[in-house]
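Comments concern the structure below.
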Amino acid sequence: MRRIDLHVHTTASDGTFTPAQVVELARDAGLSAIAITDHDTVSGYAEAAKRGAELGVEIVPGIEISTKYGGAVHVLGYYIDMESDGLHHILDWIVEDRDTRGRKMAELMAADGLPVNYDEMKARFGEVIGRPHFARLLVELGLAMDVQDAFDRYVEKGQKYYVGRTILPIERAIGLIIKAGGVPVLAHPALLSVEETALPMLLQRWQSEGLMGVEVYHPAQRSRG
């Protein structure tokens with residue numbers, strides 16, 4: 001039986017390893033295929049696909065789009081057309097919005113005397129800066145015990161350095177993935193801010209919008225047995 005992982009992030013978004021390194025780790029772990037599903041960007045796919053061809057690891061073109069339905073909802077898109085004009089138009093807008101938000105967060109921190117420089121963060125972490133990058137930096141500065149602590153006390157919604165984003169509704173993201181020839185799949189449903197009893201109804205609604213699958217195996221799922 002083939003071993004695969006269809007939810008992999010790289011340094012193109014909030015991952016720890018470069019796309020090439022991720023493929024090498026997948027090969028070493030005995031995986032025959034992985035999907036590169038970085039947050040709101042497809043910029044890591046080309047590097048991963050090149051390394052995958054060299055090592056014999058199948059690389060599925062993918063993405064994880066941040067959306068909302070009340071609270072945050074993430075939608076995975078598999079086998080999307082990387083050259084889709086509609087996809088890139090929206091992704092460029094998302095990245096620009098992320099960039100504006102990240103710069104504001106860095107300015108708030110700098111105003112309080114924290115040694116945070118947004119341009120230096122981009123040079124280190126890449127073009128797509130998210131809250132996990134700020135959290136990692138806060139840990140390095142000794143201001144938080146770990147990433148979760150940094151989120152809880154500094155960058156989670158309601159905390160001093162949190163800045164909101166303009167986020168696509170889930171229906172728009174599903175349609176975008178389908179238009180790009182992809183397969184939309186709901187990511188880690190256990191992390192949704194909804195009652196478990198409401199989830200079947202929501203899934204039916206999103207299925208009517210074109211949702212084609214649900215992520216079943218994810219670390220967060222274990223907490224709900």
(Q) Exactly one of Ile63, Val185, Ile177 should register a side-chain contact (heavy atoms from CB on, under 4.5 Å) with Tyr78. Which one does? (A) Val185
Q: Inspect the contact between Glu209 and Arg172 and indicate whether a charged nitrogen and a carboxylate oxygen are less than 4.0 angstrom apart.
A: no
**Q.** Heavy-atom side-chain proximity of Ser32 to Val57 below 4.5 angstrom
**A.** no
Q: May I ask you to decide if the ring planes of His74 and His39 are parallel, tilted or perpendicular, using 30° and 60° as cut-offs?
A: perpendicular
Q | Closest non-hydrogen atom pair between Ile59 and Gly52, with its separation | A | CG1-CA, 4.0 Å
Q. Do Glu83 and His88 have side-chain atoms, one donor and one acceptor, less than 3.5 Å apart?
A. no
Q.
Would you compute the distance between atom CG of Asp28 and atom CG of Leu55 and round it to the nearest 0.5 angstrom?
A. 8.5 Å
Q: To the nearest 0.5 angstrom, please state how far the CG atom of Asp152 sits from the CG atom of Asp146.
A: 8.5 Å
Q. So, do Leu114 and Leu143 sit near enough that their side-chain heavy atoms are less than 4.5 Å apart?
A. yes
Q) Just wondering, do Glu215 and Leu76 contact through their side chains at under 4.5 Å, heavy atoms? A) yes
Q. Between the side chains of Asp112 and Tyr161, is a donor N or O closer than 3.5 angstrom to an acceptor N or O?
A. yes
Q.
How long is the straight-line distance from NE2 of His133 back to CE of Met121, given to the nearest 0.5 Å?
A. 7.5 Å
Q. Would you call Lys104 and Asp99 a salt bridge, using N to O less than 4.0 angstrom?
A. no
Q.
So, taking the atom named OG1 in Thr41 and the one named CG in Leu91, what distance separates them when rounded to the nearest 0.5 Å?
A. 6.5 Å
Q. From Met82 CE over to Tyr45 OH, what is the distance, rounded to the nearest 0.5 angstrom?
A. 6.0 Å
**Q.** Side chain proximity check, Val155 to Met105, heavy atoms < 4.5 angstrom
**A.** yes
**Q.** Full working for salt bridge (Lys or Arg N to Asp or Glu O under 4.0 Å) between Glu140 and Arg124
**A.** CA-CA 14 Å; Glu140 291 176 10; Arg124 175 182 174 186; 2.5 Å; yes
Q | salt bridge (Lys or Arg N to Asp or Glu O under 4.0 Å) assessment of Glu54 paired with Lys50 | A | CA-CA 7 Å; Glu54 294 168 350; Lys50 180 177 182 295; 3.0 Å; yes
Q: Step by step, work out the side-chain hydrogen bond (donor to acceptor under 3.5 Å, both in side chains) result for Asp14 and His9.
A: CA-CA 7 Å; Asp14 60 346; His9 294 183; 2.8 Å; yes
Q. Nearest 0.5 Å, what's the CG-OH distance between Leu192 and Tyr69?
A. 11.5 Å
Q. Any salt bridge between Asp149 and Arg153, counting N to O under 4.0 Å?
A. yes
Q.
Applying salt bridge (Lys or Arg N to Asp or Glu O under 4.0 Å) to Asp40 and Arg165, what does each step give before you reach the verdict?
A. CA-CA 13 Å; Asp40 304 322; Arg165 291 176 50 206; 3.6 Å; yes
Q. Are side-chain N/O atoms of Tyr162 and Arg131 paired as donor and acceptor at under 3.5 Å?
A. no
